[in-house]
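Below is one structure, written out as structure tokens; comments come after it.
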Amino acid sequence: MFMRIDHVGIACHDLEERIAFFQRTFDLTVVAREINEEQGVKEAMLRISDGQGGGSYIQLLEPLGPDTPVGKFLAKRGEGVHHVAFGVPDVARALEEVGSRGVRLLDETPRHGSMGSSIGFLHPKDVGGMLTELVQAAEGQPETT
Ligand code: MC0
């Protein structure tokens with residue numbers, strides 16, 4: 001079902017500060033920035049690789065407010081890894097399959113994610129404590145070719 005790790009999402013208080021850290025420390029480059037109102041985040045994608053199975057990224061996430069998933073996470077746990085996202089060929093089908101195997105879906109149907117992708121989240125309590133995202137890359141993105 002999983003093709004690759006699409007991205008690791010990292011929660012931070014100050015997006016610009018965290019981007020600068022990843023750029024100067026790991027020589028990563030920002031390839032996309034977005035405000036996703038539905039998810040309550042301002043985010044940046046930093047490319048790690050364009051491997052044969054598709055790209056992989058670090059996703060830096062700053063909450064748009066305290067009453068958002070990332071805002072609540074920061075208040076409770078502080079900065080750090082917020083979720084891991086796996087690339088799948090068909091996110092609607094993957095959600096249906098995983099749901100049928102007993103994992104609670106936070107999204108019954110796919111939502112809009114970074115860089116035009118379609119995404120769905122799985123409940124962390126059903127995945128060993130790891131908030132898990134499934135990602136289907138947008139048409140035309142290297143991930144789907
Ligand atoms: C909460 N929990 C986590 C967690 N957030 N565990 C691991 N990783 C996380 N990130 C744990 C809590 O500690 C708690 O455990 C239990 O899950 C329920 O959490 P809660 O605090 O009672 O509930 P909420 O209201 O904070 O909701 C948590 C939940 C929510 C994961 C359901 O954040 C959610 O629906 N997330 C999916 C959407 C999302 O995260 N969007 C932002 C990224 P205990 O043991 O205390 O019961 S958007 C994004 O990333 C997009 C742009 C993209 O990739 O393209």
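For ligands, and for the atoms within them, numbers begin at 1 and follow the listed sequence.
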Winner among Pro69, Ser114, Gly120 once heavy atoms are compared against atom 39 (C) of ligand 1
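Answer by nearest heavy atom: Pro69.
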Any idea which of Arg104, Met115, Glu133, Glu43 brings a heavy atom closest to atom 52 (C) of ligand 1?
Glu43
Determine whether the side chain, the backbone, both or neither of [X] has a heavy atom under 4.0 Å from any heavy atom of ligand 1.
| X | answer |
| --- | --- |
| Pro124 | side chain |
| Ile119 | side chain |
| Met130 | neither |
| Lys72 | side chain |

Could you identify the single nearest non-hydrogen protein atom to [atom] and state the distance to 0.1 Å?
| atom | value |
| --- | --- |
| atom 43 (C) of ligand 1 | Phe121 CZ, 3.9 Å |
| atom 41 (N) of ligand 1 | Gln39 OE1, 2.8 Å |
| atom 18 (C) of ligand 1 | His123 CE1, 4.4 Å |
| atom 47 (O) of ligand 1 | Lys125 CE, 3.6 Å |
| atom 50 (O) of ligand 1 | His83 CE1, 3.0 Å |
| atom 34 (C) of ligand 1 | Leu106 CD1, 3.9 Å |
| atom 3 (C) of ligand 1 | Arg77 NH2, 3.5 Å |
| atom 46 (O) of ligand 1 | Lys76 NZ, 3.1 Å |

For ligand 1, which atoms, with element, lie under 4.0 Å from some heavy atom of [X]?
| X | value |
| --- | --- |
| Phe73 | 9 (C), 10 (N) |
| Gly113 | 55 (O) |
| Asn36 | 52 (C) |

Are the side chains of [Y] and [X] in contact, using a 4.5 Å heavy-atom criterion?
| X | Y | result |
| --- | --- | --- |
| Ile48 | Ser56 | yes |
| Lys125 | Arg104 | yes |
| Ile10 | Phe22 | yes |

Taking atom 25 (O) of ligand 1 as the reference point, report whether a protein heavy atom occurs under 4.0 Å from it.
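It does: a protein heavy atom is found less than 4.0 Å away from atom 25 (O) of ligand 1.
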Under the 4.0 Å line, does any protein heavy atom show up next to atom 28 (C) of ligand 1?
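So far as the 4.0 Å threshold goes, atom 28 (C) of ligand 1 is out of reach of every protein heavy atom.
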Using every non-hydrogen atom in the two residues, find where Leu106 and Pro124 come nearest and quote the distance to one decimal.
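Minimum heavy-atom separation between Leu106 and Pro124: CD1-CD, 4.3 Å.
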Can you name the closest pair of heavy atoms from Asn36 and Gly113 and give their distance?
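Smallest heavy-atom distance, with atoms named: ND2-CA, 4.4 Å.
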Is there a donor-acceptor contact under 3.5 Å linking the side chains of His7 and Glu43?
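Side-chain D/A pair, His7 to Glu43: absent.
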How about His82 and Gln59: does a side-chain donor come under 3.5 Å of a side-chain acceptor?
no
Exam field: side chain Arg47 to backbone Thr29, donor-acceptor pair closer than 3.5 Å:
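Checked: no pair found.
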Residue that, paired with His112, satisfies side chain to side chain donor-acceptor pair (under 3.5 Å) out of Glu38, Gln39, Glu34
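With His112 as partner, Glu38, Gln39, Glu34 yield a single side chain to side chain donor-acceptor pair (under 3.5 Å), made by Glu34.
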Does an N or O anywhere in His7 fall below 3.5 Å from an N or O of ligand 1?
yes
Taking a cutoff of less than 4.0 Å between a non-hydrogen atom of the residue and any ligand atom, is Gly129 in contact with ligand 1?
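Contact check Gly129 vs ligand 1: positive.
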Please tell me whether Val88 and Leu122 are part of a single hydrophobic cluster in this structure, the criterion being side-chain heavy atoms less than 4.5 Å apart.
yes
Salt bridge between Lys42 and Glu16, side-chain N to carboxylate O under 4.0 Å?
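So Lys42 does not pair with Glu16 through a salt bridge.
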Give the C-alpha distance, both sets of side-chain angles, the deciding distance and a yes or no for side-chain contact (heavy atoms from CB on, under 4.5 Å) between Val31 and Met45.
CA-CA 6 Å; Val31 293; Met45 297 293 270; 4.2 Å; yes
Run the side-chain contact (heavy atoms from CB on, under 4.5 Å) test on Met1 and Val98 for me, step by step, so that the C-alpha distance in whole Å, both residues' side-chain angles and the decisive distance to 0.1 Å come before the verdict.
CA-CA 10 Å; Met1 180 182 293; Val98 173; 3.5 Å; yes
